[in-house]
Amino acid sequence: MAQTSGSQRPPVHVTVTGAAGQVGYGLVFRIASGQLLGPDTPVVLRMLDIEPALPALEGVAMELEDCAFPLLADTVATADANVAFDGVSWALLVGAMPRKEGMERGDLLTANGGIFGPQGRAIAARAASDIRILVVGNPCNTNCLIARANAPDIPSERWFAMTRLDENRARAQLARRAGVPVAQVTNMAIWGNHSATQYPDAINARIAGRPAPEVIGDDAWLRGEFISTVQKRGAAIIAARKLSSAGSAAAAVIDSVRSIDGGTAPGDWTSLAVPSRGEYGVPEGLQFGFPVVSDGATWHVVEGIEHDAEANDRLRVTTEELLQEQSLVRELIPV
Ligand code: NAD
Ligand code: LMR
């Protein structure tokens, strides 16, 4: 299904896996309308799902066609990973089972871990030389580690797992508590795993340029209810919707890619799970949530952030959880 593009730029190929699912449905229309890569970049949307989901995926492709998006140069709907990742510059790995009420995201490792080795290998074999990958399917940190380990020729700095939804949730909670617009909340870092052990660090966040603890004036709330609300927000959404977050997850995917590609605002950072190079004592190689600064071409983990004893304890707990997840998937990681 080829459409005429109004722009002269060559289209960028973007893959969304699990495109027939909830998050996929929230995401593909935004990508096709230019919200991911901007108003001057045509897109070829390559959508991967499993064989039984192909009829639904064809329906998504039909709806995309019906939108007549000027930037959508073409769509591909397939169950073949080699086709899906052919020539892609961004791979958004969403396709995986979501958790149900009462589960933790780590409980999905057995069901989902096996998806990411083959996809890592297909990306390595087929993607464009500038490929970057964002893993969303849970447990996203460890799934990303599995895919990355299966694609050792792709530089490690191209691999990201999504902690931006947690950052957005945390910023929204702080804005509401302070009674300010959410845009005034900056420097909100999510450390560690996208799980209930994550550490949303409000101590180093800023509100209207001032330290968040000074503005909020309630340390007990910041160290207690605030943290647990953010840690458990995914479960609260599932309890309310009987489905896991989708619209907010898709929004966080767009935000993540825009921060990496377009750069972070001066003085601010964004939250991404990236391969540790030993920063803050985190074991090398873990896909760990850090505050990251990007200039659009390169990115780095923000160094020199100070943590008190309580924060260090939280970092230890989330690190141990990620190490445990890693040990559970040893057989999916080539040596
Ligand atoms: P969903 O069940 O609605 O959709 C998942 C889709 O993935 C389905 O269409 C399914 O057929 C497809 N799929 C399964 N195996 C696949 C494979 N091997 N290749 C390609 N596609 C495959 O689920 P959802 O609500 O869209 O959530 C998708 C994943 O994203 C879940 O694991 C969920 O937990 C996760 N998630 C993560 C975040 C985050 O912040 N990191 C946020 C929201 C959801
Ligand atoms: C979320 O944070 O909403 C997602 O990771 C889905 C989940 O299982 O919580």
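Both ligands and their constituent atoms are indexed starting at 1 by order of listing. Computed over heavy atoms, backbone and side chain alike; hydrogens, waters and symmetry mates excluded.
Of all protein heavy atoms, the one lying nearest to atom 33 (C) of ligand 1 is N138 ND2, 3.7 Å. Closest to atom 41 (N) of ligand 1, if we only count protein heavy atoms, is V136 O, 3.2 Å. The nearest protein atom to atom 4 (O) of ligand 1, hydrogens excluded, is given as G21 CA, 3.2 Å; this is a heavy-atom distance. Shortest contact from atom 21 (N) of ligand 1 to any protein heavy atom: G18 N, 3.4 Å. The shortest contact between atom 39 (C) of ligand 1 and any protein heavy atom is with H194 NE2, 3.3 Å. For atom 27 (O) of ligand 1, the closest heavy atom belonging to the protein is V23 CG2, 3.8 Å. The single protein non-hydrogen atom nearest to atom 9 (O) of ligand 1 is D49 OD2, 2.7 Å, given as residue, atom name and distance. Of all protein heavy atoms, the one closest to atom 25 (O) of ligand 1 is Q22 NE2, 2.9 Å.
In summary, the atoms of ligand 1 found under 4.0 Å from a heavy atom of I115, numbered by their order in the structure, are 15 (N), 18 (N). Near A20, meaning under 4.0 Å from any of its heavy atoms, are these atoms of ligand 1: 9 (O). Close contacts between ligand 1 and C140 involve ligand atoms 41 (N) [criterion: under 4.0 Å to a heavy atom]. Ligand 1 places these atoms under 4.0 Å from at least one heavy atom of A249: 42 (C), 43 (C). Those atoms of ligand 1 that come under 4.0 Å of a heavy atom in M97, given as number and element, are 31 (C), 32 (O). Close approach of ligand 1 to S244 is summarised as follows: ligand atoms under 4.0 Å from at least one heavy atom of the residue are 25 (O). Contact atoms of ligand 1 toward V94: 28 (C), 29 (C), 30 (O) (distance under 4.0 Å to a heavy atom of the residue).
Crowding of E306 atom CD: a count of heavy atoms from other residues, nucleotides or ligands under 6.0 Å not exceeding 12. Annotation: R158, atom CZ; neighbour count of heavy atoms from other residues, nucleotides and ligands within 6.0 Å is above 12. Other residues, nucleotides and ligands contribute over 12 non-hydrogen atoms within 6.0 Å of the CZ atom of R30. Other residues, nucleotides and ligands contribute only 12 or fewer heavy atoms inside 6.0 Å of the CE atom of M62.
Interatomic distance, S259 OG to R164 CZ, rounded to the nearest 0.5 Å: 4.0 Å. Residue L165 holds its CG atom at 9.5 Å from CD1 of I190, rounded to the nearest 0.5 Å. Distance check, rounded to the nearest 0.5 Å: CD1 of I238 to OG of S245 gives 7.5 Å. Atom CG of residue N141 and atom CG of residue N193 lie 4.0 Å apart, to the nearest 0.5 angstrom.
Heavy-atom separations between A246 and ligand 1 are all 4.0 Å or longer. Assignment of Q119 to the shell around ligand 1 is supported, since a heavy atom sits closer than 4.0 Å.
Qualifying salt bridge (Lys or Arg N to Asp or Glu O under 4.0 Å) partners for R206, counting only residues two or more places apart in sequence or in other chains: none. Applying the ring pair (Phe, Tyr, Trp, His ring centres under 6.0 Å) test to H307 and every residue at least two apart in sequence or in another chain returns W191, Y280.
Side chain of D268 to main chain of A265: no donor-acceptor pair is present (N/O by atom type, distance under 3.5 Å, no hydrogens or angles).
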Atom pairs and distances, ligand 2 N/O vs protein N/O under 3.5 Å:
residue	atom	partner	partner atom	Å
ligand 2	2 (O)	R105	NH2	2.8
ligand 2	2 (O)	R169	NH1	2.9
ligand 2	2 (O)	R169	NH2	3.4
ligand 2	2 (O)	H194	NE2	3.3
ligand 2	3 (O)	R169	NH2	2.7
ligand 2	3 (O)	S245	OG	2.7
ligand 2	5 (O)	R105	NE	2.9
ligand 2	5 (O)	N138	ND2	2.8
ligand 2	5 (O)	H194	NE2	2.6
ligand 2	8 (O)	R99	NE	2.5
ligand 2	9 (O)	R99	NE	3.2
ligand 2	9 (O)	R99	NH2	2.7
ligand 2	9 (O)	R105	NE	3.1
ligand 2	9 (O)	R105	NH2	3.0

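Screening residues 127-138 for salt bridge (charged side-chain N to carboxylate O under 4.0 Å, His left out) gives R132-D261 as the qualifying pairs, with residues at least two apart or on separate chains.
At a heavy-atom distance under 4.0 Å, only side-chain atoms of L165, from C-beta outward, approach ligand 1. Both the backbone and the side chain of A96 come within contact range of ligand 1, each with a heavy atom under 4.0 Å. When heavy-atom distances to ligand 1 are checked against a 4.0 Å cut-off, P98 comes that close through both its backbone and its side chain.
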Worksheet item: Given T270 and E167, is the side-chain hydrogen bond (donor to acceptor under 3.5 Å, both in side chains) satisfied, shown in steps?
Response: CA-CA 8 Å; T270 191; E167 176 191 329; 3.2 Å; yes

Worksheet item: Could you go step by step and tell me if F290 and W299 meet the ring-ring contact (aromatic ring centres under 6.0 Å, His included) rule?
Response: CA-CA 12 Å; F290 284 115; W299 59 265; 9.0 Å; no

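For D166 and Q198, the side-chain atoms include at least one donor-acceptor pair closer than 3.5 Å.
The two residues I31 and L45 have their closest heavy-atom pair at CG2-CD1, 4.0 Å.
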